[in-house]
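Below you'll find the structure, written out as structure tokens, and then a few comments.
Not measured: the values here are computed from a predicted model.
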Amino acid sequence: MSAAVPALPWLGAPLAYTLASARAHHALLVHGPAGVGQLAFALELARAWLCEHPAARTGALACGHCRSCHLVDERSHPDLRLIVPEALRTEAGLPEDGTAADEGGGSGSKKTRKPSRAILIDQIRTALDFSTLTAARGMHKVVIVHPAEALNPIAANALLKTLEEPPGAMRFVLTSGDAQALLPTIRSRCQSVALAAPARDEALAWLRGQGVTEPEPLLDACGGQPLRALELQRAGLDAAAWRQFPQWIARGDSAAVVNWPLPVLLDALQKLCHDHALATLGAPGRYFADLGQPAPGAGLAHLTEAAAWLRGQARHVDHPWSAALATEALVQGMRARLQPPNPNPTATRTPRP
């Protein structure tokens with residue numbers, strides 16, 4: 001069995017089933033909640049299809065020892081193309097610069113622009129050119145598009161024709177955390193492979209095996225998605241920090257979260273706003289089990305305004321500005337929106353960023 005299956009044990013059964021049932025399909029759509037391992041699953045499919053020692057396999061899985069399997073692990077197999085947004089190259093195990101220019105990762109100096117979070121038309125053109133070439137090491141070639149919802153409209157339309165009539169022994173694997181965001185015509189051309197989040201006990205056991213000492217609050221914070229919980233831990237968050245987060249925001253303590261990545265901070269603020277709304281309705285929190293009473297100013301009208309403000313901030317979270325100033329603005333802005341309404345309009349009130 002290959003190395004990635006024990007690492008994410010909940011993928012073992014669906015992987016074996018897919019390899020046994022998808023042999024006649026040229027395009028798969030691997031979808032499910034973000035954070036359950038769609039990319040790892042797609043790479044395991046590629047390893048199995050490209051494996052050079054079928055006699056050494058367990059069932060239909062890759063042997064995990066041949067040169068082809070190692071090349072897939074190194075993201076350098078000549079018959080594999082992994083298409084991801086420029087911003088996700090490191091996460092996908094690809095070099096930050098490497099073939100970014102060849103895949104159309106964007107123009108301009110990296111010092112003056114943020115990495116693109118979209119899959120661009122030049123990247124898809126490169127993949128389509130690759131699909132016309134003869135396989136270098138075996139009979140199959142594989143293109144992985146991760147995540148498929150990152151395809152911009154032009155790139156998505158360019159992919160459609162090849163998905164319908166792929167050349168030769170070509171296989172496409174598209175991954176998605178939001179399959180409904182894809183074009184219906186893309187979904188209709190792919191065999192659906194649905195991945196479910198693992199059972200809570202299985203996810204907690206796996207997180208403990210990754211060195212997360214108290215995984216329960218982090219798993220709750222990520223809606224039961226273990227890979228997201230591990231990302232929080234690696235970003236410097238632990239259970240104690242998550243529990244204290246509502247108090248930090250109520251005090252406007254931006255120093256406590258100054259080292260949090262801005263996307264993580266914004267996501268935490270949105271979840272805090274969500275749980276304050278639940279508390280206002282008398283329901284338990286989903287992400288913050290110890291939230292207790294809603295904030296004094298957390299009426300539904302104020303929370304609706306806060307949620308809209310946070311959605312607006314999300315459009316700028318990847319902007320290459322000062323992280324410390326952006327953190328201060330987010331924390332103080334949320335604190336102001338959780339304060340009780342001022343009955344005296346002439347009285348001094350904390351300004352809202």
Side-chain angles (χ1 to χ4, degrees), residues 3-15 30-44 84-85 87-93 117 146-147 149-150 175-179 194-249 256-276 278 284-291 310 314 317-318 327 330 334:
V5 176
L8 301 178
W10 56 88
L11 297 183
L15 177 63
V30 180
H31 60 94
V36 300
Q38 286 93 325
L39 178 58
F41 189 91
L43 287 167
E44 282 302 304
V84 301
L88 298 184
R89 289 184 63 83
T90 300
E91 176 186 317
R117 289 193 170 273
H146 170 78
E149 59 266 30
T175 74
S176 179
D178 183 9
L195 300 182
R200 181 175 176 81
D201 288 345
E202 184 177 27
L204 292 173
W206 180 80
L207 286 168
R208 292 189 185 98
Q210 304 302 308
V212 182
T213 56
E214 192 179 355
E216 291 84 356
L218 295 184
L219 188 63
D220 291 339
C222 297
Q225 299 169 16
L227 295 183
R228 288 275 180 90
L230 185 61
E231 288 175 8
L232 287 185
Q233 173 81 4
R234 290 175 174 173
L237 283 70
D238 57 17
W242 191 256
R243 290 194 189 97
Q244 295 177 64
F245 182 72
Q247 288 73 42
W248 290 341
I249 300 305
V257 296
V258 71
N259 292 322
W260 290 23
L262 287 176
V264 171
L265 174 59
L266 182 63
D267 181 65
L269 290 171
Q270 290 174 318
K271 289 173 177 175
L272 178 62
C273 186
H274 174 276
D275 276 13
H276 272 305
L278 290 178
R286 178 183 179 187
Y287 304 107
F288 296 92
D290 302 324
L291 185 61
L310 288 170
V317 72
D318 291 317
T327 296
L330 286 171
M334 190 64 182

Ignoring hydrogens, what is the shortest heavy-atom contact between [X] and [Y]? Give both atom names and the distance.
X      : Y      : value
Gly223 : Arg286 : CA-NH2, 4.4 Å
Leu232 : Cys222 : CD1-SG, 3.5 Å
Pro33  : Leu195 : CD-O, 3.4 Å
Ala40  : Leu8   : CB-CD1, 3.5 Å
Pro215 : Leu204 : CG-CD2, 3.8 Å
Pro226 : Gly224 : CD-O, 3.2 Å

Side chain [X], main chain [Y], donor-acceptor under 3.5 Å:
X      : Y      : answer
Gln38  : Ser176 : yes
Trp10  : Ala203 : no
Gln225 : Ala197 : no

Salt bridge (charged side-chain N to carboxylate O under 4.0 Å, His left out) partners of Glu216, counting only residues at least two apart |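 Counting only residues at least two positions away or on another chain, Glu216 forms a salt bridge (charged side-chain N to carboxylate O under 4.0 Å, His left out) with Arg208.
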Check salt bridge (charged side-chain N to carboxylate O under 4.0 Å, His left out) between Arg234 and all other residues, then give those that pass, not counting sequence neighbours.
->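 Arg234 satisfies salt bridge (charged side-chain N to carboxylate O under 4.0 Å, His left out) with no other residue.
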Ion pair check, Lys271 and Asp275, cut-off under 4.0 Å |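 No, this pair does not count.
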Could you check if a side-chain atom of [X] sits within less than 4.5 angstrom of a side-chain atom of [Y], using non-hydrogen atoms only?
X      : Y      : result
Leu227 : Trp206 : yes
Pro147 : Leu88  : yes
Leu207 : Leu218 : no

Test log, rule side-chain contact (heavy atoms from CB on, under 4.5 Å), inputs Gln233 and Thr213 | CA-CA 10 Å; Gln233 173 81 4; Thr213 56; 5.7 Å; no
Full working for side-chain contact (heavy atoms from CB on, under 4.5 Å) between Met334 and Leu310 = CA-CA 8 Å; Met334 190 64 182; Leu310 288 170; 4.1 Å; yes
Working to the nearest 0.5 angstrom, can you tell me the gap between [X] [atom1] and [Y] [atom2]?
X      : Y      : atom1 : atom2 : answer
Asn259 : Leu265 : CG    : CG    : 11.5 Å
Asp267 : Arg228 : CG    : CZ    : 7.0 Å
Leu269 : Leu262 : CG    : CG    : 10.5 Å

Using the side-chain contact (heavy atoms from CB on, under 4.5 Å) rule, take Leu291 and Leu272 through it: C-alpha gap first, then chi angles, then the decisive distance, then the call.
-> CA-CA 9 Å; Leu291 185 61; Leu272 178 62; 3.9 Å; yes
Chi angles and distances behind the side-chain contact (heavy atoms from CB on, under 4.5 Å) call for Glu44, Leu11 | CA-CA 10 Å; Glu44 282 302 304; Leu11 297 183; over 6 Å; no
Would you be so kind as to tabulate the donor-acceptor pairs closer than 3.5 Å made by side chains of residues 236-247, with sequence neighbours excluded?
{"unit_1": "Asp238", "atom_1": "OD1", "unit_2": "Ala240", "atom_2": "N", "d": "3.3"}
{"unit_1": "Asp238", "atom_1": "OD1", "unit_2": "Ala241", "atom_2": "N", "d": "2.8"}
{"unit_1": "Trp242", "atom_1": "NE1", "unit_2": "Tyr287", "atom_2": "O", "d": "3.0"}
{"unit_1": "Arg243", "atom_1": "NH1", "unit_2": "Glu214", "atom_2": "OE2", "d": "3.4"}
{"unit_1": "Arg243", "atom_1": "NH2", "unit_2": "Glu214", "atom_2": "OE2", "d": "2.2"}
{"unit_1": "Gln244", "atom_1": "NE2", "unit_2": "Ala240", "atom_2": "O", "d": "3.3"}

